[in-house]
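Structure first, commentary second.
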Amino acid sequence: MESKLTGLQLYAMMLVFLLGTSIIYGTPRLVPDSWLIDIAAIVPYLLLTGIYLALFWTGCDRNLYELLVAAWGKHFGKLFALGYSVYFLYIASRNLRDMVELILTALLRNTPSFVIVLAFVGIVAYAACGGIIALGRLSILIAGMVLFFFVVLTCLLYFSDSIDLERVLPFLSEGLGAVAGASLRSSIWFPYGEVLVFLAFGSSLGGAKTLRKIGLFSLLSATAILSFSNLLQTSVLGIENMKYSVFALLDAARLINIENFITRMDALVAFIIIFGVIVKSAIFLYASAKGAEFLFGSDWRGFAPSLALLIGALSIKVSRNNAEHVSEGLVYAIYWLHIPFQLAIPLATLLLLRLRLNHKEA
Amino acid sequence: MATYRFRQDRIENELRAHFGSSADLSLIPIRLADRDGLLCFLSTMTNSTFLMNNVVQPLLQASYREILFDSAEALDSLRLRLFGGLNTRLLEDPGHLPEWMTQGYAGLLLDGQDRMLLIHVQELEKRSIAEPTAQNVIRGPKEAFTESADTNMSMIRRRILNENLRFEKHVIGSKSNTSVYLAYLEGEADERLLNPIREKLRSARLTGLFDSGGLENELQSNRFYLFPTTYNSERPDSICSCLLDKRVALIVNGSPFVLIIPAQFTDFFKSPEDQYQWFVFGTFIRLLRYVAFLFSLTLPAFYVAVTCYHQELVPTLLLTSIMAQRQGIPFPAVVEMFLMEITFELLREAGTRMPRLVGQSISIAGALVLGEAAVQAGIVSNITVIIVALTAISGYVSPVYTFGANIRLFRFALIVLSSVIGLYGVILGCAYLLIHLTRIETFGVPYLSPLSRFSGKRSA
Amino acid sequence: MAAIGTLVLASLSFALLVLFDTLVYRQSFFVSVKRMFLDDAYFNRSAWTLLVSALLLSCWYDLRERPFGQRLSARLFGRRKDTRWNRN
């Protein structure tokens with residue numbers, strides 16, 4: 001499967017990947033002006049993705065795992081590759097858990113989570129086994145659908161007179177510093193830092209130049225859409241309600257009421273999140289299966305279904321209730337996983353790779 | 001002197017032995033000047049008028065003064081003088097004679113010659129060109145393909161007056177030897193598409209081929225695909241516009257449906273009429289077809305999911321009305337839906353197979369089962385009947401019949417899914433379908449090409 | 001190899017979960033391990049079922065590579081490829 005993704009496919013994949021669950025949950029409410037957090041995060045995350053791009057460019061289109069081995073040597077490289085595979089599995093299971101929580105809250109209250117997870121995991125395995133190009137084609141369609149549903153939601157909210165921009169005030173009540181701090185504490189790592197996964201695709205990406213252009217474009221469009229989504233949610237719900245609502249877009253969608261006829265558009269939100277998480281999980285599953293293939297030898301297609309079931313098992317076990325899930329995500333996952341895997345190790349790998357290349361030339 | 005192989009009585013005996021006592025074997029002794037000869041053919045492959053006018057009369061009425069019957073060139077000169085306008089060949093090996101005769105050749109054997117003259121006398125009765133039965137348009141040509149491959153090829157040739165149009169003959173079917181013609185525009189169709197198709201045709205292991213549907217199964221790369229990977233059409237204008245679009249057509253002798261490879265998802269929603277009308281209207285109709293497809297697939301499942309699990313998604317007034325209707329019904333919504341859908345499938349199948357003369361009884365029976373009578377008997381509710389009827393109508397909107405046929409089964413699977421896990425199941429089923437669509441590839445061309453690859457090129 | 005790989009990845013990821021448990025609930029490592037195995041009965045069963053089926057599936061994929069597995073899968077699925085469903 002050595003064919004390349006076209007520019008549009010890569011763009012759609014990255015867009016759906018970034019929007020995925022964040023569009024429903026909204027940015028974590030560390031500050032009342034949550035819609036500014038994403039905008040404030042632009043410069044930091046551009047620096048972060050700059051590291052990834054530099055890594056990709058230095059490594060001449062090689063896989064993430066091959067880069068690790070090239071920089072750190074065979075044993076440490078393989079150890080780090082193992083770490084990354086497990087990391088991708090963990091993030092996938094967290095995303096899956098997010099979606100399962102929403103389904104359990106909004107759609108199917110009495111169904112055991114096992115059924116929901118099993119059905120979903122089968123679909124994700126099927127999507128990932130099609131290969132990266134089929135995933136690209138799928139993402140174009142899903143990106144179109146997610147954007148369409150989002151626009152429909154916005155229009156419906158507008159026409160039901162639920163949007164009141166005054167609810168966004170007071171503006172910057174805690175000051176710019178708090179916003180910047182919040183962006184550094186949470187927004188860079190989730191969702192923007194997860195773009196690291198795309199490095200695991202290696203040569204299918206179509207070159208460092210394409211990745212730079214498309215990556216930049218998709219990150220900026222995702223920021224715009226997410227900020228707009230946050231703004232929409234705040235102007236519909238108000239700052240207080242936003243603080244206490246877990247699924248902001250869902251609560252906003254419940255307020256749609258046009259002539260008492262079009263009401264309770266929960267289904268739209270369910271569509272958005274299910275399709276978004278399918279693509280996200282399929283991408284993580286593919287990256288993890290590629291890692292397993294790199295480490296253990298057999299074809300990644302043999303790993304994909306088993307790893308999908310493993311992601312299912314992990315998503316049930318990852319936390320006992322939603323509160324633990326959210327707090328784990330906000331504090332512990334960031335310090336223990338995201339910062340090392342998304343910042344420390346890639347930076348170190350980049351420096352080591354540069355050193356080795358200079359050594360070789362000299 | 002005649003060699004032993006071509007002696008008249010020997011040939012006669014061999015033919016009689018080979019064809020058994022087949023009633024259509026005709027062995028007619030003739031006499032040219034002072035030579036004896038034999039004319040052998042299968043009378044069912046030709047008709048007597050043609051034979052009389054083109055073979056027998058010239059033979060009887062010609063003057064043989066210039067022909068030296070003793071020389072080896074006698075047959076050549078006969079061939080040029082008498083049968084110049086017909087397709088003729090010379091046969092060296094009498095063992096192949098039955099094969100040629102089944103393909104519509106008549107053999108002319110002359111005493112003293114060591115070769116035989118084969119004359120192509122095939123004149124079969126064919127259905128005349130009529131209106132299409134399966135794909136109708138209001139504005140557009142009303143010719144349809146017939147069962148004879150020659151007529152079909154001529155209908156394509158007369159529309160594409162291009163010297164690059166090629167027809168390649170393949171013979172498929174070990175016992176039926178059906179001719180299949182591969183049509184393409186040289187220079188437009190890619191070799192990377194043609195070669196795998198030729199390979200597949202050569203390695204097809206069929207004993208007989210009587211309709212292009214049999215060939216479709218051979219050409220399908222994976223038999224678990226839910227969607228058809230070859231497009232078939234009865235209309236010459238569709239086929240011709242596909243040929244101009246760098247695609248390849250397969251004409252099977254005996255089938256009025258011509259196949260187009262590779263097929264794409266959007267083909268099954270296009271009618272040639274869309275281009276012949278105002279573009280806004282054409283786009284609107286095409287959109288309507290997609291929506292109708294979606295409806296026919298998900299509406300029953302959606303209804304079941306909403307009434308069983310997500311009653312809060314329905315507007316309150318409609319909800320109370322639905323619940324009121326469902327009050328006295330003994331079955332759960334799923335069972336109702338299944339009953340009605342299966343009844344409708346029975347009706348549809350019966351309507352297709354039934355002889356035309358007894359057609360009236362079906363509509364009466366159908367109206368009873370699927371209408372007021374069933375509702376008043378308390379078996380189903382009104383809303384179920386409406387939904388089944390709406391689903392059925394939407395299902396017929398796709399211009400290509402076989403496409404709707406394939407996907408009907410998936411509707412039942414979605415109903416089952418929705419009855420187990422509600423709207424989530426419906427969404428997952430649709431996701432499965434979507435992923436399946438993106439994975440299908442025919443001969444290297446992705447199934448969703450124009451949708452997921454905006455190359456900007458609008459095709460017919 | 002697939003089975004070994006899945007086993008390694010599974011154990012490492014569950015170890016990660018146990019680690020997070022110790023951090024969030026501020027309890028010792030062994031208590032977390034015990035809770036992971038012995039907690040809420042229903043949730044438990046389903047997660048372990050999924051895990052066991054993941055391992056079994058990877059064993060099946062491994063087996064398919066070996067000659068024994070190929071003969072087995074030919075007996076179960078493969079024969080049908082020769083006898084096509086469009087027999088005339």
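On a predicted model such as this, the values are computed, not experimentally measured, just so you know. Sequence lines set the chain letters: A, B, ... in the order given, protein chains first and strands last, and positions in each chain run from 1.
- For A:Y126, the parts lying under 4.5 angstrom from a heavy atom of chain B are both the backbone and the side chain.
- For B:V420, no part sits under 4.5 Å from any heavy atom of chain A, backbone or side chain.
- Crowding of B:F302 atom CZ: a count of heavy atoms from other residues, nucleotides or ligands under 6.0 Å not exceeding 12.
- Taking CD1 of A:I278 as the reference point, atom OH of B:Y432 lies at 13.0 Å (rounded to 0.5 Å).
- Interface check for chain B: of the options A:C129, A:S139, A:A12, the most heavy-atom pairs under 4.5 Å are formed by A:C129.
- Rounding to the nearest 0.5 Å places CG of B:L428 at 7.0 Å from CZ of A:F120.
- Around the CZ atom of B:F227, the shell of radius 6.0 Å holds more than 12 heavy atoms that belong to other residues, nucleotides or ligands.
- Using a 4.5 Å cut-off between heavy atoms, A:I123 contacts chain B through both its backbone and its side chain.
- For the pair B:L434/A:I142, a side-chain contact is recorded, criterion being any heavy-atom separation below 4.5 Å from C-beta on.
- A:T111 places none of its side-chain heavy atoms less than 4.5 Å from the side chain of B:Y424.
- Going from atom CG of A:L138 over to atom NE2 of B:H436 covers 13.0 Å, rounded to the nearest 0.5 Å.
- The shortest non-hydrogen separation linking A:A134 to B:R439 is CB-CG, 4.1 Å.
- Listed by sequence position, A:M99, A:I103, A:A106, A:L107, A:L108, A:R109 are the residues of residues 99-109 of chain A in contact with chain B, using a 4.5 angstrom heavy-atom cutoff.
- To the nearest 0.5 Å, atom OG1 of residue B:T438 and atom CG of residue A:L135 are 7.5 Å apart.
- Minimum heavy-atom separation, B:I421 to A:A119: CD1-CB, 4.3 Å.
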Criterion side-chain contact (heavy atoms from CB on, under 4.5 Å) on A:L141 and B:L448, from CA distance to verdict: CA-CA 10 Å; A:L141 294 174; B:L448 285 181; 3.4 Å; yes
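- The local environment of CZ in B:F443 is crowded, with over 12 non-hydrogen atoms from other residues, nucleotides or ligands closer than 6.0 Å.
- No cation-pi contact links A:R137 to B:Y447, judged by a cut-off of 6.0 Å to the six-membered ring centre and 45° from its axis.
- Heavy atoms closer than 4.5 Å to chain A are found in the backbone of B:I440, but not in its side chain.
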